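Report on the following structure.
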Amino acid sequence: ALAGADAVLHNLSPDLGIATAIRRRYPGIPVVVEVRRRADGSLPPVPEGCVPLVYPSSVKGQIDALWRVITDRRRQPAP
């Protein structure tokens, strides 16, 4: 189901391991992970290779984040 995706927006807890599994199975697909700020204002870590998006985020913010990772991926030289 993800094989043809340009990017993935993941809004479940990173602790569940789903974002990590997506990155492992589909390393070429960028994964944007929504995370809540901690009480001190810092962001918790996201799985390796994932891009954080601060929750809550507007739909426009989500779309912008996905477009950024897609554009960044297209700018990278092919392996």
Side-chain angles (χ1 to χ4, degrees):
L2 294 177
D6 291 315
V8 174
L9 175 62
H10 176 49
N11 64 0
L12 299 174
S13 171
D15 297 336
L16 295 174
I18 297 168
T20 301
I22 292 169
R23 290 289 301 153
R24 188 177 307 121
R25 176 81 189 250
Y26 303 100
I29 298 176
V31 178
V32 176
V33 178
E34 286 189 315
V35 291
R36 293 180 187 265
R37 288 196 181 275
R38 295 176 175 149
D40 66 2
S42 66
L43 290 175
V46 296
E48 186 176 340
C50 294
V51 177
L53 174 64
V54 178
Y55 177 90
S57 176
S58 66
V59 172
K60 182 181 181 330
Q62 294 169 354
I63 292 169
D64 288 347
L66 290 168
W67 275 118
R68 276 193 304 276
V69 297
I70 291 168
T71 301
D72 288 349
R73 185 178 92 183
R74 289 180 179 163
R75 289 182 181 156
Q76 294 175 0

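Below, each value reflects all heavy atoms present in this structure, side chains not excepted, and no hydrogens, waters or symmetry copies. Just so we're clear, the structure is a prediction, and the values are computed from it rather than from any experiment. Just so you know, residue 1 is the first one in the sequence shown, and it goes up from there.
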Do [X] and [Y] belong together in a cluster built from hydrophobic side chains that touch within less than 4.5 Å?
{"X": "Ile63", "Y": "Val8", "value": "no"}
{"X": "Val59", "Y": "Tyr55", "value": "no"}
{"X": "Leu16", "Y": "Val35", "value": "yes"}

Carefully, step by step, assess Leu9 and Leu53 under the rule side chain to side chain contact (heavy atoms under 4.5 Å, CB included). CA-CA 9 Å; Leu9 175 62; Leu53 174 64; 4.1 Å; yes
Applying side chain to side chain contact (heavy atoms under 4.5 Å, CB included) between Val32 and each of Val69, Asn11, Ile70, report the one that passes. Val69
Are Val51 and Pro30 close enough that some pair of their side-chain heavy atoms sits under 4.5 Å apart? no
Taking all non-hydrogen atoms of both residues, which atom of Ala19 and which atom of Val33 are closest, and how far apart? CB-CG2, 3.9 Å
If you count heavy atoms of other groups shown closer than 6.0 angstrom to OH of Tyr26, is the number above 12? yes
For Arg36, look at atom CZ and say whether over 12 heavy atoms of other residues, nucleotides or ligands are found less than 6.0 Å away. no
Walk me through it: do Leu43 and Arg38 pass the test side chain to side chain contact (heavy atoms under 4.5 Å, CB included)? CA-CA 6 Å; Leu43 290 175; Arg38 295 176 175 149; over 6 Å; no
Assess whether a salt bridge exists between Arg68 and Asp64, defined as any Lys/Arg side-chain N lying under 4.0 Å from an Asp/Glu carboxylate O. no
CD1 of Ile22 to SG of Cys50: how many Å apart, nearest 0.5 Å? 8.0 Å
Contact list for residues 23-34, test salt bridge (charged side-chain N to carboxylate O under 4.0 Å, His left out), sequence neighbours left out: none
When you measure from the side chain of Arg73 to the backbone N and O of Gly28, does any donor-acceptor pair fall under 3.5 Å? yes
